[in-house]
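Notes to accompany the following structure.
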Amino acid sequence: MGLHMITRIRLPVPHVTRSARPGPRQDRRPPPPGPPASPWQRWLLPLTVISFFVLLFGPVVFSPPAAQRSSYSDLVTKVNAGEVRSVTIDDKGGVRGKLANGRTFTSQIPTALGNAQLEQRLQAKHVEITATRGGGSWGPVLLSLLPLLILFGVFLWAGRQAQQSLAGGIGGFGRSKAKIIEAERPSTRFTDIAGYDGVKQEVSEMVDFLRHPGRYAAAGAKPPRGVIMVGPPGTGKTLMARAVAGEAEVAFLSVTGSAFVEMFVGVGASRVRDLFDDARKRAPSIIFIDEIDAIGGKRGGVGLGGHEEREQTLNQLLAEMDGFDQGSGIVVLAATNRPETLDPALLRPGRFDRQVTVPLPNQAERAAILAVHAEGKHLGPDVDLDVIARGTPGFSGADLANLVNEAAINAVRAHRTTIEARDLDEARDRVLLGRREASNALLPDERQAVAVHESGHALLAALCEHADPVAKVTILPAGVALGVTEQLPEAERHLYSEAYLTDLLTVRLGGRAAELVVFGQGSTGAANDLAGATQIAARMVREFGLSSLLGPVGYGSASSGDLREAPEDTPLRLPYSEHTQELIDAEVARLLRHAEQRAVDLLHSHRGALGRLTASLLEHETVDGAVVLKAVAAAAPPG
């Protein structure tokens with residue numbers, strides 16, 4: 001699908017934006033949370049602190065009032081006066097007594113005097129006398145030491161917990177964070193995934209081998225060690241793994257690549273060992289590692305700390321995949337959208353025996369995916385999923401799910417429960433271009449310039465033989481685009497001819513050519529078109545061998561093959577000389593000048609059609625492809 005936009009640029013510093021397309025979405029799940037703490041673990045520290053303060057200050061706060069201390073002379077005076085009711089004398093001369101008024105007192109008999117005289121006085125006054133023998137008591141001593149013992153215990157417990165975490169002990173960081181799916185399996189099945197029959201066959205054979213190993217052993221077939229799914233973001237790799245877990249009648253251990261690596265050295269390797277130990281205990285079983293590029297990157301780079309820890313984790317994973325028993329019934333399933341970053345040792349046969357590509361869906365698969373996401377929603381009679389699938393080339397399954405959801409949101413905004421075709425059309429514009437703001441109004445001369453610019457794109461798309469047909473032209477600003485010409489291919493293309501690429505360059509430069517024809521000068525609105533046309537021309541010269549000057553020479557890149565997503569160059573690692581670069585620059589400039597001149601000539605010869613289409617855009621703001629074809633037909637000579 002082609003989108004030719006005129007972008008708003010603030011001078012003096014131009015702000016250039018690329019053609020709006022759904023960018024890659026990284027579906028990185030956060031690591032699974034740890035087990036919840038039990039109630040006694042949560043309240044252990046607060047209760048310890050409270051107990052410490054109670055034992056430390058409790059005897060002072062809650063102790064009864066202290067007895068009155070009396071000298072020996074006062075004691076004799078009180079006895080003679082008959083104020084003492086009872087006394088208790090220990091073998092060390094300590095006296096504790098109770099007065100007639102109920103108050104208590106303490107005193108001490110001098111050792112030199114003895115207690116004979118005091119005893120006679122007490123008997124004369126009929127005072128109750130009790131003798132006791134003092135002994136050593138460890139209770140008060142232990143009670144005073146109890147707060148220190150509690151504090152020491154708290155420090156000891158905290159130290160052991162830290163030691164277990166650092167060493168990867170039980171309950172520490174060394175345990176695997178894999179989510180084990182055995183009894184309660186996901187509800188997703190292969191029948192819930194639209195399209196991708198080849199991918200389903202690959203992974204279903206893996207599941208079937210674990211279910212019926214005898215059938216394959218009879219034919220001499222060895223089980224696969226691992227299957228890695230490769231594809232762009234949002235194509236459903238994780239969804240396919242969930243379907244495997246739902247279909248399999250074996251244990252399924254799911255973990256993300258980022259869950260292995262921590263800041264502590266040796267933790268990642270410990271978790272890998274623990275993961276495979278769990279899998280062996282539950283064999284036959286499947287291990288699923290999502291985003292394996294987090295630990296499976298190429299080794300040999302310069303780095304310290306976390307980089308070294310990642311390499312140790314990868315080495316342990318390589319050892320486990322190559323070392324576990326061939327008949328153990330363990331299969332590793334992995335997913336990544338960056339296979340070029342993986343270490344070659346990880347991808348060799350014997351570790352990952354199969355590499356399954358999960359591509360972007362084709363038109364038929366997009367229609368089936370839309371039907372899945374449309375289940376449970378009320379679609380209007382004007383909604384044709386085949387038309388929507390044709391208008392969404394390059395969309396992944398996640399993009400299509402987002403498209404249907406945005407359409408449902410648009411219906412809710414309009415106070416409807418039925419999704420109509422216009423809702424899906426607006427949702428597609430929202431996904432591709434951004435939100436449309438009514439406050440983003442254009443000045444009259446800007447509106448005229450945008451209409452001329454988009455009319456040039458649309459008219460050249462209709463005049464060029466190999467160009468894709470025009471679906472819609474609009475001058476309503478949305479996101480960074482002030483206007484958009486939308487082209488939809490009649491069929492999905494896998495190869496691009498030189499004639500198609502030449503017409504593509506001509507249509508790309510059609511907006512600038514229209515400005516030159518009508519106003520006699522260009523504007524900043526063609527910045528996005530120029531950037532896209534330059535990328536296409538550069539790939540024609542460098543990669544596709546479509547230059548008569550350079551000949552059949554191709555300097556390929558690791559791009560996806562999409563003409564609208566050319567990779568950025570890395571000047572420090574160019575595979576050709578500076579002289580070749582000069583030739584490439586000259587050829588790119590020649591192709592662009594030729595395309596611009598062709599566009600200007602075609603618009604000059606169809607000046608009337610350009611004016612009519614511009615007037616129609618100014619009047620209606622949005623027109624479809626039929627209006628463009630009508631403007632071209634009206635300008636054609638009779639007969």
Side-chain angles (χ1 to χ4, degrees), residues 33-167 169-173:
S38 60
W40 71 268
Q41 289 177 331
R42 290 196 300 266
W43 290 99
L44 178 61
L45 185 59
L47 289 176
T48 302
V49 174
I50 295 173
S51 301
F52 174 76
F53 282 103
V54 168
L55 292 174
L56 186 62
F57 300 105
V60 179
V61 177
F62 302 103
S63 61
Q68 181 181 0
R69 181 72 177 177
S70 300
S71 64
Y72 182 74
S73 300
D74 293 338
L75 173 61
V76 173
T77 302
K78 291 178 180 179
V79 171
N80 294 332
E83 298 178 1
V84 180
R85 178 183 301 174
S86 62
V87 294
T88 300
I89 303 174
D90 58 28
D91 55 355
K92 295 182 181 181
V95 179
R96 298 189 61 182
K98 190 173 183 181
L99 300 176
N101 57 8
R103 298 185 62 184
T104 60
F105 68 92
T106 61
S107 184
Q108 180 69 35
I109 301 174
T111 306
L113 296 179
N115 58 5
Q117 296 181 0
L118 179 62
E119 183 179 357
Q120 295 176 0
R121 294 176 184 273
L122 293 174
Q123 290 178 353
K125 296 296 182 180
H126 305 286
V127 178
E128 182 181 352
I129 303 173
T130 304
T132 61
R133 175 176 295 180
S137 176
W138 290 97
V141 178
L142 294 178
L143 187 63
S144 62
L145 294 178
L146 187 58
L148 296 178
L149 294 176
I150 293 177
L151 189 60
F152 176 76
V154 170
F155 281 116
L156 182 62
W157 174 79
R160 288 184 176 179
Q161 291 296 319
Q163 183 179 6
Q164 289 175 359
S165 298
L166 292 174
I170 301 176
F173 290 157

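Sequential numbering from 1 along the given sequence is applied to the chain's residues.
- Scanning for side-chain contact (heavy atoms from CB on, under 4.5 Å) contacts around Thr88 gives Thr130, Thr132, with sequence neighbours left out.
- In this structure, the side chains of Leu99 and Thr104 stay at 4.5 Å or more apart for every pair of heavy atoms.
- Remark: of the listed residues Glu128, Lys98, Lys78, Lys78 is the sole one forming a side-chain contact (heavy atoms from CB on, under 4.5 Å) with Val84.
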